[in-house]
Amino acid sequence: MAGISEIPVWRKYALTLGKAGCEDLQTIVVVGAGPVGLTLALDLALKGHSVTVLNRLDFIPAGSKAICFARRSLDIWNRMGVAQSIVAEGVQWDVGKVFWRDAHEPIYQFDLRNSVEVQMPSFVNIPQYRVEELLVERLCKLPNVDLRWGHEVVSASTRQSDARIEVKAPDGTYTIGTEWLLACDGSRSPLRNMLGLAFEGRVFEDNFLIADIRIKQDRVPERWFWFDPPFNPQKSALLHKQPNDIWRIDFQLGWKIDREKWLRDEPVESLIQSFLGPKVPFEKEWYSVYTFQCRRMQRFVHGRIVFAGDSAHLVSPFGARGCNGGIADADNLAWKLDMIIKRTASRELLGSYNEEATATADENIRHSTRATDFMTPKSAGSEALRDAVLWLARDNEFAREFVNSGRLSSAVNYPYSSLSSNDSEPWASNAAPGSPAPDAPVDTGWLLAALGNRFALLSDGYEGRLPPGITSLRVDRVIDGGQRIRHLYDLTPGSAYLIRPDQYVAARWREPCFESIEAALMRATGGVS
């Protein structure tokens with residue numbers, strides 16, 4: 001791990017002093033102020049909880065990390081009042097193009113735009129450090145958040161009733177006893193290592209170079225991917241546009257490389273110049289070399305310590321599944337922990353976080369592994385098969401679904417979640433139990449905003465009783481947008497959906513009644529129907 005003095009600084013904050021020698025008692029402590037930790041802290045704080053966030057650095061690091069944020073993450077941040085700033089500053093894109101060898105035209109392209117009107121764009125490109133800064137700004141407006149800069153956890157243990165940590169602060173050490181310790185401390189997770197927990201999976205025999213450069217270009221904001229281009233023969237490359245004239249280029253380097261060579265500017269800039277053309281000027285923003293990994297912990301819940309984001313799982317970056325998968329963890333965990341702390345659900349509900357978050361991690365790892373194997377074939381036979389697919393894809397639509405330059409991040413479905421009730425009746429809508437509720441415009445703005453972050457019954461005219469804790473949203477009372485929602489959800493008169501606080505579907509019925517809704521609510525909160 002790089003020394004703190006070697007880490008580039010984007011935004012520095014004042015060290016948090018005055019804790020040395022104390023013993024704190026907290027309900028929630030989040031370790032790590034990356035996007036996942038900050039999102040989790042913000043969600044819990046907005047639900048009314050006091051949250052302490054510990055970060056070993058006293059600054060937001062600059063440099064190249066995540067840049068592509070998917071619609072599902074934007075929907076989550078929109079509930080927290082952050083998404084509009086991210087969208088306004090970022091670069092929106094929907095179109096991806098795939099090139100092969102020296103062809104100037106793509107062998108095929110895709111468009112992520114949905115025929116159904118939605119509030120958030122498919123993807124927004126914005127540097128991770130700006131997302132972190134916007135999240136910090138939002139957190140600092142809340143009186144129930146204690147964000148401590150320069151506080152490093154140096155030991156940790158978990159018991160039945162709490163977790164205990166020792167913290168090294170700028171003015172000395174202190175201890176914290178907390179009901180819930182949320183580990184969002186990154187891929188090298190000191191907390192994971194302190195507990196001696198395994199991190200299993202695959203490290204791929206390949207290296208990639210990230211080059212963020214500043215350049216004036218009129219290229220449209222699209223995702224461009226090359227297989228075997230003339231500027232990087234027998235390898236691959238990826239191009240993304242970021243705000244403020246910054247462009248990211250990913251170059252595949254191969255496995256047995258001179259790593260020290262690629263940490264120097266001269267060979268990197270020679271490769272960049274071969275891509276841009278010899279006379280095209282550019283400025284260095286950031287260069288780094290990385291190796292693909294697809295790994296995860298066996299379990300994410302360990303007593304009173306819960307892992308989320310890169311501390312729990314890692315994927316290769318093609319497909320933008322890493323940070324977006326971590327934001328999904330935060331979204332999944334926050335509402336469950338909220339109910340457990342408020343005693344409206346038992347601790348058994350936390351088992352469903354482990355179940356659903358590991359399902360998300362496994363899907364992301366599966367997609368990332370397949371993409372990496374396709375992009376970096378390890379034998380002559382697999383390379384010949386890949387090239388045959390690329391050749392066929394130029395003129396044959398059926399072959400294009402086999403071209404894998406990174407399946408892009410999207411919300412993960414949980415068709416077998418223990419929180420979902422059986423769906424035995426036929427529906428023309430894909431919004432099945434265990435899938436995210438689709439958005440649509442309504443007279444008050446947008447459907448997801450109207451559903452909020454609590455259990456909601458979306459119905460077309462249900463007039464029966466509701467169990468406590470469920471709010472009602474009837475499309476027959478929505479003047480503008482009611483018909484669109486009926487079509488999107490295949491709602492017929494009297495039918496209904498039960499939506500979870502994270503806006504996933506828990507159950508749906510053609511003929512709901514109080515007893516069936518109550519049973520579905522019990523199941524969705526960790527009980528047994």
Worksheet item: When the ring centroid of W427 is compared with that of Y497, is the distance short of 6.0 Å?
Response: yes
Fill in: Residue pair L181 / A163: nearest heavy atoms and the distance that separates them
CB-CB, 4.0 Å
Worksheet entry | Lys/Arg-Asp/Glu bridge criterion (N-O < 4.0 Å) met for K65, E132 | no
Item to complete: Starting at NZ of K47, measure out to CG of N144 and round the result to the nearest 0.5 Å.
Response: 13.0 Å
Worksheet item: With a 4.5 Å heavy-atom cut-off, do Y353 and L337 have their side chains touching?
Response: no
Fill in: Side-chain ion pair, R508 and D490, N-O less than 4.0 Å
no
Worksheet entry | Nearest heavy-atom neighbours spanning G434 and S420 | N-OG, 3.4 Å
Item to complete: Kindly indicate whether a cation-pi arrangement holds for R192 with F199, taking the cut-offs as under 6.0 Å to the six-membered ring centre and within 45° of the axis.
Response: yes
Response to the item:
In short, K19 meets D146 closest at the heavy-atom pair NZ-OD2, 4.0 Å
Worksheet, complete the sentence: dist N324:CG -> F123:CZ (nearest 0.5 Å) comes out at 6.5 Å
Discussion item. Assess whether a salt bridge exists between R159 and D162, defined as any Lys/Arg side-chain N lying under 4.0 Å from an Asp/Glu carboxylate O.
Written reply: yes
Worksheet item: Under a 4.0 Å N-O cut-off, is there an ion pair linking D331 with R79?
Response: yes
Practice prompt. Could you tell me if the ring centre of W335 sits under 6.0 Å from that of F455?
Written response: yes
Discussion item. Can you classify the ring geometry of Y414 versus Y504 as parallel (below 30°), tilted (30 to 60°) or perpendicular (above 60°)?
Written reply: parallel
Worksheet entry | Separation between NZ of K168 and OH of Y174, rounded to the nearest 0.5 Å | 13.0 Å
Worksheet item: Do you know the tightest heavy-atom contact between G90 and I126?
Response: CA-CB, 4.1 Å
Discussion item. Once rounded to the nearest 0.5 Å, what's the spacing between atom CG of D58 and atom CG of L15?
Written reply: 4.5 Å
Fill in: Reported CD-to-CG distance for the pair Q503 and L458, which is rounded to 0.5 angstrom
11.5 Å
Response to the item:
Tightest non-hydrogen contact, residues L521 and P468, listed as CD2-O, 3.8 Å
Practice prompt. Would you sort out whether R296 and D362 count as a salt bridge (Lys or Arg N to Asp or Glu O under 4.0 Å), showing the intermediate values?
Written response: CA-CA 8 Å; R296 78 163 171 90; D362 286 343; 2.6 Å; yes
Discussion item. Can you tell me how the ring of W93 sits relative to the ring of H240, calling it parallel under 30°, perpendicular over 60° and tilted otherwise?
Written reply: tilted
Fill in: Rounded distance [0.5 Å steps], CD in E179 versus CD1 in I28
8.5 Å
Response to the item:
Shortest non-hydrogen pair, T376 vs Q252, comes out as CG2-NE2, 3.1 Å
Practice prompt. May I ask you to decide whether K336 forms a salt bridge with D502, counting only side-chain N to carboxylate O separations under 4.0 Å?
Written response: no
